[in-house]
Asker: 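This is the structure, below, for whatever I ask next.
All residue numbers in this chain count up from 1 along the given sequence.
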Amino acid sequence: MTTDDFIEPENALPETTLDVQSETMRNAAARAGWKEFMPVQARTIPYFVARRDLMVQSRTGSGKTGAFLLPILDRLDTSRPSCQALILVPTRELARQVASEAEMLTASSGANIAAVYGGVSYRPQIDAFKKGAHIVVGTPGRILDHLLKRSLTLEDIDVLVFDEADRMLSMGFYPDMVELRRYLPNRHFTSYMFSATYPTHVINLARQFLRDPGFLSLSRDRVHVAETEHVFYVVPHMEKDRHLVRIIEVLNPAAAIIFCNTRNMVHYVTVVLQRFGYDADELSADLSQKAREQVLQRVRDGKLKFLVATDVAARGIDIPELTHIFQFEPPEDPELYIHRAGRTGRAGATGEAVSLVAGMEQTDLRRIATRFSIEMIERPTPTDDDVVMVVSERVTALLESRLRTQDRLQYERMQRFFPLVRLLADSDAGQEVLAMLVDEYYQ
């Protein structure tokens with residue numbers, strides 16, 4: 001990559017190489033089989049060494065985990081049995097993955113690693129803290145639980161890392177992260193944020209935790225804070241509605257417009273989303289003026305998450321903090337694609353224009369991409385297992401957050417149902433009852 005491929009902070013630091021690093025870092029890289037730095041590592045590590053807060057825009061698989069783990073090793077004092085580096089991640093899967101890589105890199109160094117996430121017993125995690133976990137990798141909700149229980153303290157923290165910050169916010173962790181801030185020491189430590197995208201709400205989070213951070217993007221062409229990313233999913237025509245629901249579950253947009261070509265399709269998609277429990281309403285030319293005004297007022301007040309509309313009905317509508325637009329059907333007029341996609345990614349924020357295409361629609365979309373020089377990124381459609389994993393993580397975070405608000409009397413009252421819950425969990429019929437209750441709460 002050339003220098004023009006990067007967006008760098010003011011007073012940018014020159015990239016570095018593995019051979020000039022400390023013996024600790026070189027030994028760790030050798031254990032991982034790394035003979036040289038990947039671009040994100042070469043560009044990011046100098047800011048860790050200089051103790052400068054940094055926002056990094058880099059995609060999964062770019063080597064970013066090594067970019068923060070390697071320099072953290074140099075800052076650990078293993079003679080102190082306390083948390084010195086906290087790495088926040090969105091899911092238990094990523095917590096296990098990052099912790100596993102940390103254990104491999106720190107082998108024989110005397111550093112202790114703890115993976116901390118919800119939905120499992122607290123005991124092994126508490127034992128890891130008592131042993132003296134130097135690096136703690138975890139989801140914000142469970143980390144907050146331990147801080148509240150005083151089984152974890154951040155008094156000795158030296159490095160705070162947010163990994164996949166955009167996904168953490170889409171999982172609903174924002175309130176937990178704000179609360180977690182109360183437990184950070186009132187002294188200087190360095191913070192770093194890694195995210196594939198930087199929409200407004202991620203930038204706002206960075207401002208709350210990072211001190212005068214620089215911004216480093218690893219690809220000027222494909223990733224930028226002020227652009228719309230254009231993605232598409234190839235789906236069977238008769239299953240578009242189900243695939244739309246899966247994609248929405250995984251992406252969890254803050255607010256979105258879903259475009260259809262006809263008012264009949266607008267009505268159909270709206271009903272599907274409402275039946276699945278989403279806050280959705282329709283806007284089409286055949287609605288009465290009163291009904292249109294009611295919908296538009298909800299839009300203006302930021303109280304409607306999904307607006308399903310035709311191009312005609314959606315003209316002139318601005319939704320604040322619009323993170324996504326979905327094209328349930330590609331537009332019949334190519335010019336309308338630009339009109340639709342331009343609704344997101346405004347005011348310096350990142351947005352996504354998401355298209356669902358079937359059959360020949362894929363060819364039409366590629367023609368639009370060629371005509372307007374748009375890079376279209378194809379993504380694999382989420383499977384049922386993908387949705388189950390994401391929803392399970394999200395509902396666990398929500399329920400544990402709710403549990404933290406219970407006072408002593410409420411908890412005592414709740415204990416009456418422990419035997420019933422165990423009984424229900426032991427039978428298929430009982431599990432259906434529990435699943436129904438969890439689904440109702442989640443919706």
Asker: Is a donor from one side chain sitting under 3.5 angstrom from an acceptor on the other, for His230 and Tyr337?
Answerer: yes

Asker: I need the minimum non-hydrogen distance between Thr381 and Val234, along with the two atoms involved.
Answerer: CG2-O, 3.6 Å

Asker: Might you confirm whether atom CZ of Arg371 has over 12 heavy atoms from other residues, nucleotides or ligands at distances under 6.0 Å?
Answerer: yes

Asker: Establish, from distance only, whether the side-chain atoms of Ser82 and Asp156 form a donor-acceptor pair under 3.5 Å.
Answerer: yes

Asker: Quickly, which of Val390, Val89, Asn252 forms a side-chain contact (heavy atoms from CB on, under 4.5 Å) with Met171? Name it, please.
Answerer: Val390

Asker: Could you check if a side-chain atom of Phe326 sits within less than 4.5 angstrom of a side-chain atom of Ile257, using non-hydrogen atoms only?
Answerer: no

Asker: Ion pair present between Asp127 and Lys130, side-chain N to carboxylate O less than 4.0 angstrom?
Answerer: no

Asker: Using every non-hydrogen atom in the two residues, find where Met376 and Ala369 come nearest and quote the distance to one decimal.
Answerer: CG-CB, 3.5 Å

Asker: Rounded to the nearest 0.5 Å, how far apart are CG of Asp333 and CG of Leu336?
Answerer: 4.5 Å

Asker: Would you check if the side chain of Asp166 reaches a backbone N or O of Tyr198 as a donor-acceptor pair within less than 3.5 Å?
Answerer: no

Asker: Determine, for Lys305 against Asp281, whether the closest basic-nitrogen to carboxylate-oxygen distance falls under 4.0 angstrom.
Answerer: no

Asker: Rounded to the nearest 0.5 Å, what separation is found between the SG atom of Cys260 and the CG atom of Asp311?
Answerer: 9.5 Å

Asker: Going by ring-ring contact (aromatic ring centres under 6.0 Å, His included), name the residues that satisfy it together with Phe306, two or more places apart in sequence or in a different chain.
Answerer: Tyr278

Asker: Could you check whether any side-chain N or O of Arg187 sits under 3.5 Å from a backbone N or O of Glu155, counting only pairs where one atom can act as donor and the other as acceptor?
Answerer: yes

Asker: Looking only at atom types and distance, does a side-chain atom of Gln41 sit under 3.5 Å from a main-chain N or O of Gly63, one as donor and one as acceptor?
Answerer: yes

Asker: Return the minimal non-hydrogen interatomic distance between Gly118 and Thr139, and the atom names on each side.
Answerer: N-OG1, 3.8 Å

Asker: About how many Å separate CG of Leu73 and CZ of Phe48, when rounded to the nearest 0.5 Å?
Answerer: 11.0 Å

Asker: If you define the side chain from C-beta out and look only at heavy atoms, does anything of Leu148 sit under 4.5 Å from Tyr183?
Answerer: yes

Asker: Just to verify, which of Val245, Val272, Val235 counts as forming a side-chain contact (heavy atoms from CB on, under 4.5 Å) with Lys240?
Answerer: Val235

Asker: Any non-hydrogen side-chain atom of Tyr192 less than 4.5 Å from a side-chain atom of Met55?
Answerer: no

Asker: For a 4.5 angstrom cut-off between non-hydrogen side-chain atoms, does Pro330 reach Val357?
Answerer: yes

Asker: So do the side chains of Tyr117 and Arg96 get within less than 4.5 Å of each other, counting heavy atoms only?
Answerer: yes

Asker: How long is the span from the CG atom in Leu18 to the CD atom in Glu36, to the nearest 0.5 Å?
Answerer: 9.0 Å

Asker: Can you find a heavy atom in the side chain of Phe129 that is under 4.5 Å from one in the side chain of Val136?
Answerer: yes

Asker: Look at the side chain of Ser401 and the backbone N and O of Ala397, then say whether any donor-acceptor pair between them is shorter than 3.5 Å.
Answerer: no

Asker: List for me each residue that meets side-chain contact (heavy atoms from CB on, under 4.5 Å) alongside Gln97, sequence neighbours excluded, and say none if there are none.
Answerer: Leu94

Asker: Quick one: is the NZ or CZ of Arg167 closer than 6.0 Å to the six-membered ring centre of Phe173, and within 45° of its axis?
Answerer: no

Asker: Are His243 and Pro236 close enough that some pair of their side-chain heavy atoms sits under 4.5 Å apart?
Answerer: yes

Asker: Is there a donor-acceptor contact under 3.5 Å linking the side chains of Asp77 and Ser79?
Answerer: yes

Asker: Give the intermediate values and the outcome of side chain to side chain contact (heavy atoms under 4.5 Å, CB included) for residues Leu54 and Leu216.
Answerer: CA-CA 7 Å; Leu54 187 68; Leu216 173 68; 4.2 Å; yes

Asker: Please check: side-chain N/O of Gln274 versus main-chain N/O of Ala280, any donor-acceptor pairing under 3.5 Å?
Answerer: yes

Asker: Ser392 side chain to Val388 main-chain N or O, any donor-acceptor pair under 3.5 Å?
Answerer: yes

Asker: Just do the salt bridge (Lys or Arg N to Asp or Glu O under 4.0 Å) check on Arg31 and Glu101 with the steps written out, would you?
Answerer: CA-CA 10 Å; Arg31 281 193 289 273; Glu101 193 160 337; over 6 Å; no

Asker: Let me confirm one number: the CG-CD distance from Leu88 to Glu164, rounded to the nearest 0.5 Å.
Answerer: 12.5 Å

Asker: With rounding to the nearest 0.5 Å, note down the distance linking CG in Leu169 to OG in Ser195.
Answerer: 8.0 Å

Asker: Side chain of Glu229, backbone of Ala353: donor and acceptor closer than 3.5 Å?
Answerer: no

Asker: Keeping the roles fixed (side chain from Asp145, backbone from Arg142), state whether a donor-acceptor pair exists under 3.5 Å.
Answerer: no

Asker: Just checking, any donor-acceptor pair under 3.5 angstrom between side chains of Gln21 and Thr16?
Answerer: yes

Asker: Where is the tightest heavy-atom contact between Thr106 and Ala102, given as atom of each residue plus distance?
Answerer: OG1-O, 2.7 Å

Asker: With no hydrogens and no angle check, just 3.5 Å: does a side-chain donor-acceptor pair link Arg340 and Gln327?
Answerer: yes

Asker: Could you pull out the closest heavy-atom pair between Val387 and Pro382, with the gap in Å?
Answerer: CG2-CB, 4.5 Å

Asker: What I want to find out is whether Glu239 reaches Arg246 closely enough, with some N-O distance under 4.0 Å, to be called a salt bridge.
Answerer: no

Asker: Where is the tightest heavy-atom contact between Thr270 and Val266, given as atom of each residue plus distance?
Answerer: OG1-O, 2.7 Å

Asker: Heavy-atom count around Gln208 CD within 6.0 Å, excluding the residue itself: above 12?
Answerer: yes

Asker: Can you establish whether the number of heavy atoms outside Gln297 located under 6.0 Å from its atom CD is more than 12?
Answerer: yes

Asker: Do you see a donor-acceptor pair shorter than 3.5 Å between the side chains of Arg211 and His188?
Answerer: yes

Asker: Salt bridge check, Asp212 against Arg52: does any charged N sit closer than 4.0 Å to a carboxylate O?
Answerer: no

Asker: Any donor and acceptor pair, going by atom type alone, linking the side chain of Arg75 with main-chain N or O of Ala85 inside 3.5 Å?
Answerer: no

Asker: Would you say CZ of Arg402 has more than 12 non-hydrogen atoms from neighbouring residues, nucleotides or ligands within 6.0 angstrom?
Answerer: no

Asker: Could you tell me whether the side chain of Thr323 and the main chain of Ala255 form a donor-acceptor pair under 3.5 Å?
Answerer: yes

Asker: Should Leu273 and Ile248 count as side-chain neighbours, where that means a heavy-atom distance under 4.5 Å?
Answerer: yes

Asker: Taking NZ, NE, NH1 and NH2 as the nitrogens, is one of them in Arg366 or Glu361 under 4.0 Å from a carboxylate oxygen of the other?
Answerer: no

Asker: For Arg404 and Asp176: C-alpha separation, side-chain torsions, deciding distance, then whether salt bridge (Lys or Arg N to Asp or Glu O under 4.0 Å) applies.
Answerer: CA-CA 10 Å; Arg404 283 195 294 273; Asp176 292 339; 2.6 Å; yes

Asker: Side-chain donor-acceptor pair under 3.5 Å between Asp53 and Thr190, yes or no?
Answerer: no

Asker: Any ion pair linking Arg263 and Glu282 (charged N to carboxylate O, less than 4.0 Å)?
Answerer: no

Asker: Sequence neighbours left out, what passes side-chain hydrogen bond (donor to acceptor under 3.5 Å, both in side chains) with Arg182? Give chain and number order.
Answerer: Glu179

Asker: Would you call the rings of Phe162 and Phe209 parallel, tilted or perpendicular if under 30° counts as parallel and over 60° as perpendicular?
Answerer: perpendicular

